Number of protein chains: 2
Amino acid sequence: MVMETTKPAAKDASSAETRRRILNAAEVLFVAHGFDGTSMRMLTSQAGVNLASVNYHFGSKEELIRAVFRRRLSELNRARLEALAQVEQDADGAPLRPSRIVDAYFGTALRMAADVQGGGHLFMRLLGRTQTEPHEFVRRFLAEEHGPCVERFLAALYRALPDVPKAEILWRFQFMIGAMSYAIAGPYELQQVAGPFDDDNPERLVGRLMSFLLGGLRAPLGSC
Amino acid sequence: MVMETTKPAAKDASSAETRRRILNAAEVLFVAHGFDGTSMRMLTSQAGVNLASVNYHFGSKEELIRAVFRRRLSELNRARLEALAQVEQDADGAPLRPSRIVDAYFGTALRMAADVQGGGHLFMRLLGRTQTEPHEFVRRFLAEEHGPCVERFLAALYRALPDVPKAEILWRFQFMIGAMSYAIAGPYELQQVAGPFDDDNPERLVGRLMSFLLGGLRAPLGSC
DNA sequence: TTTTGTTTTAAGCATACGCTTAATTTATAC
DNA sequence: GTATAAATTAAGCGTATGCTTAAAACAAAA
């Protein structure tokens with residue numbers, strides 16, 4: 001199975017290329033038709049590879065799904081933690097501003113989502129729908145992948161907002177994730193009603209969402 | 001096909017009962033496994049009816065999906081419009097307070113979602129995932145069903161917030177829908193990280209979300 | 001009771017699914 | 001070159017899918 005005596009050389013290049021094509025096709029089709037709605041035959045023909053390639057390279061459809069997420073998610077969460085570290089460094093011991101924490105988490109994601117040609121946009125749309133994903137293995141896998149990153153951000157928010165009950169912060173974090181997901185998914189339904197938006201510049205979307213999220217995060221606690 | 005000479009009597013009761021059982025089973029299984037993940041055989045056996053019943057009563061699986069949404073959505077949007085009418089009546093000609101409008105739309109939905117035993121909770125979870133639904137006929141159908149209601153609420157918000165650009169209101173409405181969806185879906189992932197919430201009382205959830213939404217809606221416009 | 005229309009039932013059809021397999025091709029190592 | 005491992009290919013396996021159908025069961029009308 002594995003070449004043990006010598007280095008893989010160009011052989012792996014071919015293998016890696018096939019894997020890349022499969023992952024890219026999977027990203028496109030999973031967003032468009034869902035996991036169940038994307039058959040191996042659709043997928044492999046879109047990728048221009050043989051039907052058996054997915055099972056050869058990834059083992060199963062389920063493992064392919066995991067690989068699709070893994071590829072992008074590790075980079076996203078790395079960027080998030082790096083941004084958070086930068087915020088902490090800038091603060092230089094002083095308490096962190098909540099707005100900086102929120103930007104490190106959600107701003108980083110939105111900027112990845114703005115990367116249309118690199119595929120980040122597609123992936124973020126895929127990621128946004130997984131909270132309510134029917135397949136449990138997907139939810140479980142994502143919870144594991146996100147876990148360490150989310151943990152650190154929550155801890156940062158607890159410290160930055162010592163007067164706010166933790167349960168409240170957790171819920172508001174949940175709300176913010178929802179708002180972000182729908183920001184990325186785009187206002188399909190509203191456009192049907194209100195006509196096309198006069199402004200759907202992705203640059204401005206970051207500012208719009210950030211403003212909204214911070215307003216929500218800083219809202220008074222009691223009932224309104 | 002249709003009994004024309006006499007009134008249907010008890011015959012329809014049986015028919016309606018079968019339909020009701022199918023719709024209820026569909027709601028449960030669609031939430032748990034998605035549309036594609038729910039087969040006609042799963043569905044009919046859960047409902048305790050014959051496999052052919054769905055096609056007999058609804059025509060196809062696709063039409064069944066539409067019927068599942070129709071049943072609850074007409075009631076939800078009726079309640080929303082009624083709540084908005086009440087707000088307008090209370091205002092008695094004066095400008096509406098945005099918080100009242102938001103409550104009429106999102107509070108009504110959340111209160112329906114709090115109705116666990118009546119099935120409203122299940123349905124609202126189903127509804128929350130449809131924004132990013134792969135099947136286009138579902139998104140189109142929902143846009144049509146929601147259209148008139150959303151249109152009226154947007155118009156109300158435009159009037160209540162004359163200084164805010166319409167595009168901004170539309171986006172914030174989109175963000176609010178996302179936050180609500182995730183509020184209803186529940187913080188599954190965060191619970192994995194932060195442990196079980198010390199408070200997930202659905203009563204308080206309404207207050208929590210309302211506070212967050214209003215904070216977001218009233219946030220300053222410029223970049224932060 | 002007979003008739004008429006509605007609903008339920010069991011069996012089956014055509015097709016699509018994920019995945020496997022044996023053979024072949026391709027590329028490198030010796 | 002020959003040997004060896006990796007990757008690709010075409011064919012096919014067993015099973016599940018949505019849906020149809022013809023017959024049976026049922027209920028109300030005449």
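Below, chains carry the letters A, B, ... as their sequence lines are ordered, and counting in each starts from 1. Keep in mind the model is a prediction, meaning the values are calculated, not measured.
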What is the separation between atom [atom1] on [X] and atom [atom2] on [N], rounded to the nearest whole Å?
X	N	atom1	atom2	result
B/F58	C/dT7	CZ	C1'	14 Å
B/E63	D/dT20	CD	P	13 Å
B/H135	D/dG18	NE2	P	10 Å

- [ ] At under 4.0 Å between heavy atoms, which parts of nucleotides 18-23 of chain C does protein reach? Answer with one letter per nucleotide, 5' to 3': B base, S sugar-phosphate only, - none.
- [x] BBBB--
Can you pull out every side chain to side chain donor-acceptor pair (under 3.5 Å) where at least one residue sits in [range]? Sequence neighbours excluded, please.
range	result
residues 122-133 of chain A	none
residues 39-58 of chain B	none
residues 58-70 of chain B	B/E62-B/R66, B/E63-B/R66
residues 142-151 of chain B	A/E189-B/H146

- [ ] Would you indicate which nucleotide in C/dT7, D/dT8, D/dA7 comes nearest to any side-chain atom of A/T18?
- [x]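 Taking heavy atoms from C-beta onward, the closest nucleotide is D/dT8.
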Open item on the list: Are A/F173 and B/Y182 an aromatic pair, judged by ring center distance below 6.0 Å?
Closed with: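 Ring centres of A/F173 and B/Y182 not closer than 6.0 Å.
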- [ ] List for me each residue that meets ring-ring contact (aromatic ring centres under 6.0 Å, His included) alongside B/F153, sequence neighbours excluded, and say none if there are none.
- [x]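 Testing B/F153 for ring-ring contact (aromatic ring centres under 6.0 Å, His included), a comparison that skips the adjacent residues, returns B/Y105.
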